[in-house]
Novice: 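Please see the structure below; I have some questions.
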Amino acid sequence: AEEATEKLLDWLERHEHSLTVRLVKGAYWDFQVAQAQSQGWPVPVYEDKAETDHAFERLTEKLLGSYPLVSTAIASHNIRSVAHAMAVAESLGLAKDQLEFQLLYGMGDAIGAAITKLGYPLRIYAPVGDLIPGMAYLVRRILENTANESFLRQDALKERSPDELLAFPIGKERPGAAPAAQDEHHGYRPEPFADWSQTSERHRMQYALAAVRERLGKRYGLLTAASARASDAGKWAASRNPSRPDEVIGEVAQATPADAGAAVMAAQAAQPAWAALPVAERTACLRRAADALRKRHHELASWEVLEVGKTWREADADVVEAIEYLEYYSFQMERLARGRPLLQVPGERNLYRYEPKGVVAVISPWNFPAAILTGMASAALVAGNAVILKPSEQSNVIAHHVASALREAGVPPGILQCLPGNGETVGAALVDHPGVHAILFTGSKAVGKTIIERASRVAAGQRHFKHVVAELGGKNALIVDDDADLDAAITGILHSAFSYGGQKCSALSRLIVHERVYEPLMKRLIEAVDRLKVGDPAQPDTDFGPLIEADAQSRLREALAYAKTAGRVAYAYPDARLPKEGWFVGPAIVTDISPQDRLAQAELFGPLLCVFQVQSFEAGIALANGTDFALTGGVYTRSPKHIDVAARTFDAGNLYVNRPITGAIVGRQPFGGRRLSGLGTKAGGPDYLLQLLTPKTISINTARHGTPLE
Ligand code: NAD
């Protein structure tokens with residue numbers, strides 16, 4: 001505020017203008033603190049009440065001292081702040097009508113009487129307008145006024161003496177702040193998202209985009225144990241910018257099933273030494289990789305904008321998530337390495353240890369090109385396994401950068417190999433290989449099903465069962481209840497259904513609305529969707545970019561044409577507003593469709609939202625549960641009873657209440673589905689590593705000989 005005030009005064013002086021400044025403090029304090037903490041940003045307000053009060057007094061002096069450039073309105077119910085303003089005005093020789101005081105109607109009547117008695121102008125303000133938003137305002141005021149450090153509370157409840165309340169703010173003894181909770185995540189810190197409101201951050205991204213554009217079209221070889229195979233002998237495939245298909249992001253070597261076989265052999269040879277390293281050495285490697293990604297944050301985000309068409313915000317979030325996986329799984333492995341306590345009895349020593357599985361194939365999709373690949377790979381690596389990556393055909397260049405960063409951080413070549421190539425050939429060869437112990441797959445239901453089937457076969461000479469973790473698709477529903485906050489619901493729907501053009505496994509594709517709010521919600525939703533800007537994601541004002549490839553574009557166009565026959569298209573983005581080249585498809589909203597229709601059952605992976613009307617919340621839950629999938633889901637409701645019903649009966653791996661249904665954060669919303677949405681446990685959660693480890697129990701009779709083992 002002080003910097004802004006200086007700038008404002010300077011501007012007024014230069015432009016010979018004057019105005020009134022209303023000085024307030026504390027409003028939205030909790031919101032600002034919570035929001036900054038959830039984004040990992042520095043808290044933008046003073047966290048100590050005394051510092052806020054002191055700053056208010058400095059600003060009072062500055063503003064009153066700038067009369068007549070500014071007329072000051074002191075909007076405070078704190079008697080010390082009010083009295084201080086009066087004293088400053090007097091010492092500056094201001095007339096009483098050269099400032100004013102402001103109080104909220106019904107609050108501080110006695111203060112108001114004192115102010116007018118002393119001859120100062122007093123303005124009483126009151127909220128006007130709709131009852132419900134007005135109540136929200138009043139509730140905020142009640143919460144703020146009853147906060148432990150509120151002047152009004154301390155005065156009204158006589159928690160402080162008048163002398164204490166009127167004392168100079170700094171140096172006041174504060175009510176004991178509770179020490180920060182030392183929860184079980186102490187030691188793991190989430191990575192902050194980019195704050196695009198900062199000019200410097202935007203400049204860094206613009207600069208990185210330009211720098212990455214200079215590097216387009218290069219060749220990327222395989223990363224095998226022997227070396228990077230970059231010979232011209234094999235096949236190469238171009239990776240293209242979906243916004244401008246003529247722009248080649250890079251040429252990527254295509255691995256063959258023979259390369260897959262060689263990679264498994266090399267991984268088998270290298271893995272025991274990696275597994276034998278102390279956990280601290282493996283976690284140090286991963287943390288160095290996290291540092292490297294952090295340093296290259298904007299660069300990697302730029303590759304994502306260009307290779308998979310993510311907007312700045314989405315690309316940033318993906319890189320943040322990749323960094324978090326490296327840190328989070330390192331932290332979790334350090335905890336697991338301490339083992340688990342077992343029941344001990346005299347004369348017996350029981351130990352429970354975790355050992356890695358061996359060779360792990362990581363098969364990843366393109367839609368979170370850094371995060372998902374890094375998440376699966378880092379979990380396997382930190383647990384002591386060797387990893388062979390088979391990234392998606394559409395995001396090979398990003399995969400190469402991430403894999404190289406891991407190697408540069410010290411992961412040995414035999415322990416991390418990257419084999420870009422066709423899923424049905426090289427991917428399938430890895431799945432089938434008898435030397436592979438576990439398969440971490442994220443992708444479509446169809447491919448996942450094939451992988452689970454194939455991995456269940458035991459080849460001749462294969463001495464283990466393969467473990468498959470499959471994170472698959474969704475057809476996710478969100479219910480808007482009759483008492484929902486529609487402002488919040490609209491924002492949540494837009495983000496859930498259309499961020500990244502609906503190309504997220506967690507994306508909303510079935511909106512279920514209570515009939516009592518259906519009409520107003522639809523009207524507002526359509527207006528809001530029409531304001532979205534679909535375009536080149538390299539432009540910072542783009543809401544969402546292109547679909548990933550030409551096939552996806554045709555699939556969505558066909559779905560929309562079909563929707564016209566099977567239901568009603570309530571909104572379709574005008575084609576004329578789409579860029580001419582690139583695989584763009586605008587958002588669409590479809591109503592009057594049967595819940596059993598394929599549009600409402602099959603994953604479409606694009607910006608098409610089906611909307612249903614229901615007569616009750618319970619009917620909404622039944623409709624939401626009526627698919628093969630169970631990945632994410634959400635409800636917007638004010639009813640605690642309905643939140644409870646949803647928590648118990650909404651069948652979704654991740655259920656979100658009064659917030660968007662996408663955007664799970666590592667360690668905060670461990671992610672993964674049930675039913676045909678997935679097999680295995682949650683990514684970014686406390687159990688994930690267990691899937692990559694095999695526990696071993698050792699029981700030693702110590703009655704006669706003792707034990708050398710810890
Ligand atoms: P996809 O299934 O087409 O491909 C995923 C990976 O599997 C790619 O690397 C591909 O090359 C490989 N592959 C293809 N056929 C294979 C085979 N026969 N054997 C072995 N590997 C094979 O999926 P996609 O288009 O890359 O990604 C989108 C899908 O992923 C959507 O269905 C989405 O819902 C899902 N997804 C799920 C999650 C989750 O966490 N549940 C996260 C992201 C994406």
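Worth knowing before you read on, the calculation uses all heavy atoms, side chains too, and leaves out hydrogens, waters and symmetry mates. Residue indices begin at 1 and follow the sequence shown. For clarity, every value in this text was computed on a predicted model and none was experimentally measured. Ligands are counted one by one from 1 in listed order, and the atoms in each one are counted from 1 as well.
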Novice: For K390, is at least one N or O under 3.5 Å away from an N or O on ligand 1?
Specialist: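 Yes: some nitrogen or oxygen of K390 is under 3.5 Å from one in ligand 1.
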
Novice: Output all residues satisfying side chain to side chain donor-acceptor pair (under 3.5 Å) with W583, sequence neighbours left out; order by chain, then residue number.
Specialist: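 For W583 there are no side chain to side chain donor-acceptor pair (under 3.5 Å) partners, ignoring immediate neighbours.
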
Novice: With a 4.0 Å heavy-atom cut-off (strictly under), which part of S364 contacts ligand 1: side chain, backbone, both or neither?
Specialist: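 Just the backbone.
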
Novice: Using a 4.0 Å cutoff against the non-hydrogen atoms of I372, which atoms of ligand 1 qualify?
Specialist: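 Matching atoms, with element in brackets: 42 (C), 43 (C).
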
Novice: Looking only at protein heavy atoms, which one is nearest to atom 27 (O) of ligand 1, and how far off is it?
Specialist: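 Heavy-atom neighbour on the protein nearest atom 27 (O) of ligand 1: P365 CB, 3.3 Å.
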
Novice: Look at the aromatic rings of F498 and F544 and report parallel, tilted or perpendicular, splitting at 30° and 60°.
Specialist: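 Answer is parallel, since the angle falls under 30°.
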
Novice: Counting only heavy atoms, which portion of E603 has something under 4.0 Å from ligand 1: side chain, backbone, both, or neither?
Specialist: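 For E603, only side-chain atoms sit under 4.0 Å from ligand 1.
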
Novice: Residue-level breakdown please: for I451 versus ligand 1, do any non-hydrogen atoms fall below 4.0 Å on the side chain, on the backbone, on both, or on neither?
Specialist: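 Side chain only; the backbone of I451 stays clear of ligand 1.
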
Novice: Check for me whether K445 meets the cation-pi criterion with F629, that is, NZ or CZ under 6.0 Å from the six-membered ring centre and within 45 degrees of the ring axis.
Specialist: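 Yes, K445 lies over the aromatic ring of F629.
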
Novice: Specify the protein heavy atom at minimum distance from atom 17 (C) of ligand 1: its residue, its atom name, and the distance to 0.1 Å.
Specialist: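 Of every protein heavy atom, G423 O, 3.4 Å lies nearest to atom 17 (C) of ligand 1.
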
Novice: Hey, is the main chain of L692 close enough, under 3.5 Å, to the side chain of N385 for a donor-acceptor pair?
Specialist: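 Confirmed, N385 side chain pairs with L692 backbone.
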
Novice: Counting non-hydrogen protein atoms only, what is the nearest one to atom 35 (C) of ligand 1? Give residue, atom name and distance.
Specialist: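 Ranked first by proximity to atom 35 (C) of ligand 1 is G443 O, 3.1 Å.
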
Novice: Just need the protein heavy atom nearest to atom 12 (C) of ligand 1, so name the residue and atom and give the distance.
Specialist: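 The answer is I363 CG2, 3.6 Å.
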
Novice: Just by distance, with hydrogens left out, do S594 and Q596 show a side-chain donor and acceptor under 3.5 Å apart?
Specialist: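 Their side chains do not contain a donor-acceptor pair, so the 3.5 Å distance test is not met.
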
Novice: Determine whether the side chain, the backbone, both or neither of N367 has a heavy atom under 4.0 Å from any heavy atom of ligand 1.
Specialist: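 It is the side chain that touches ligand 1; the backbone stays farther off.
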
Novice: Before signing off on this row, confirm whether K504 and ligand 1 have an N or O atom pair separated by under 3.5 Å.
Specialist: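 By distance alone, the answer is no.
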
Novice: Students should be able to answer this: which protein heavy-atom is nearest to atom 39 (C) of ligand 1, and at what distance?
Specialist: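 Of every protein heavy atom, C505 SG, 3.4 Å lies nearest to atom 39 (C) of ligand 1.
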
Novice: Please tell me whether Y688 and Y329 form a close aromatic pair, meaning their ring centres lie under 6.0 Å apart.
Specialist: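 Y688 vs Y329: aromatic centres under 6.0 Å.
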
Novice: Are side-chain N/O atoms of S554 and D551 paired as donor and acceptor at under 3.5 Å?
Specialist: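 Judged by distance alone, the side chains do not pair up.
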
Novice: Distance under 4.0 Å to a non-hydrogen atom of G427: what atoms of ligand 1 satisfy this?
Specialist: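 Every atom of ligand 1 under 4.0 Å from some heavy atom of G427: 19 (N), 20 (C), 21 (N).
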
Novice: Between H437 and F465, does the ring-ring contact (aromatic ring centres under 6.0 Å, His included) criterion hold? Intermediate values first, please.
Specialist: CA-CA 7 Å; H437 297 86; F465 294 111; over 10 Å; no

Novice: Examine the side chains of K504 and S499 and answer whether a donor and an acceptor come within less than 3.5 Å of each other.
Specialist: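 K504 vs S499: donor-acceptor pair found between side chains.
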
Novice: Could you tell me whether the side chain of E307 and the main chain of I398 form a donor-acceptor pair under 3.5 Å?
Specialist: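 Side chain of E307 to backbone of I398: a pair is present.
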
Novice: For the backbone of G582 and the side chain of R244, can you confirm whether one donor and one acceptor N or O come within less than 3.5 Å of each other?
Specialist: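 Flag not set: sc R244 to bb G582 has no pair under 3.5 Å.
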
Novice: Are any of the N or O atoms of F605 closer than 3.5 Å to those of ligand 1?
Specialist: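 Among all N and O atoms of F605, none is under 3.5 Å from an N or O of ligand 1.
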
Novice: Kindly state if atom 41 (N) of ligand 1 has a protein heavy atom within a strict 4.0 Å cut-off, that is, under 4.0 Å?
Specialist: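 For atom 41 (N) of ligand 1 the answer is yes, since some protein heavy atom falls inside 4.0 Å.
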
Novice: Identify, by atom number and element, the atoms of ligand 1 in contact range of F441, meaning under 4.0 Å from any of its heavy atoms.
Specialist: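 In order of numbering, the contacting atoms are 2 (O), 5 (C), 6 (C), 7 (O).
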
Novice: Return the residue, atom name and 0.1 Å-rounded distance of the protein heavy atom closest to atom 3 (O) of ligand 1.
Specialist: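 Nearest protein contact, heavy atoms only, for atom 3 (O) of ligand 1 is S444 OG, 4.0 Å.
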
Novice: What residue and heavy atom of the protein are closest to atom 24 (P) of ligand 1, and at what distance?
Specialist: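 For atom 24 (P) of ligand 1, the nearest protein heavy atom is W366 NE1, 3.4 Å.
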
Novice: Is any N or O atom of T450, backbone or side chain, closer than 3.5 Å to an N or O atom of ligand 1?
Specialist: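 N/O-N/O distance below 3.5 Å does not exist for this pair.
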
Novice: Please check: side-chain N/O of N476 versus main-chain N/O of C505, any donor-acceptor pairing under 3.5 Å?
Specialist: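 Yes, the answer is positive, given that a donor and an acceptor are paired below the 3.5 Å cut-off.
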
Novice: If you measure from atom 18 (N) of ligand 1 to every heavy atom of K682, K445, E424, K475, which option wins on shortest distance?
Specialist: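 When every heavy atom of K682, K445, E424, K475 is considered, E424 comes closest to atom 18 (N) of ligand 1.
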
Novice: Under 3.5 Å between some N or O of ligand 1 and some N or O of E393?
Specialist: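 Between E393 and ligand 1 (N or O atoms, distance only) the closest approach is under 3.5 Å.
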
Novice: Does R674 pair with D651 as a salt bridge, N-O distance under 4.0 Å?
Specialist: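 Salt bridge present between R674 and D651.
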
Novice: State the atoms of ligand 1, each with its element, that fall below the 4.0 Å cut-off from a heavy-atom position in P391.
Specialist: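 That gives atoms 9 (O) of ligand 1.
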
Novice: I'd like to know if the side chain of N367 reaches the main chain of F605, judged simply by a donor and an acceptor atom lying under 3.5 Å from each other, with no hydrogens or angles considered.
Specialist: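 No; judged by distance alone, with no hydrogens or angles, the pair does not exist.
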
Novice: Could you list the atoms of ligand 1 found under 4.0 angstrom from a heavy atom of V447?
Specialist: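 Every atom of ligand 1 under 4.0 Å from some heavy atom of V447: 2 (O), 13 (N), 14 (C), 15 (N), 16 (C), 17 (C), 22 (C).
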
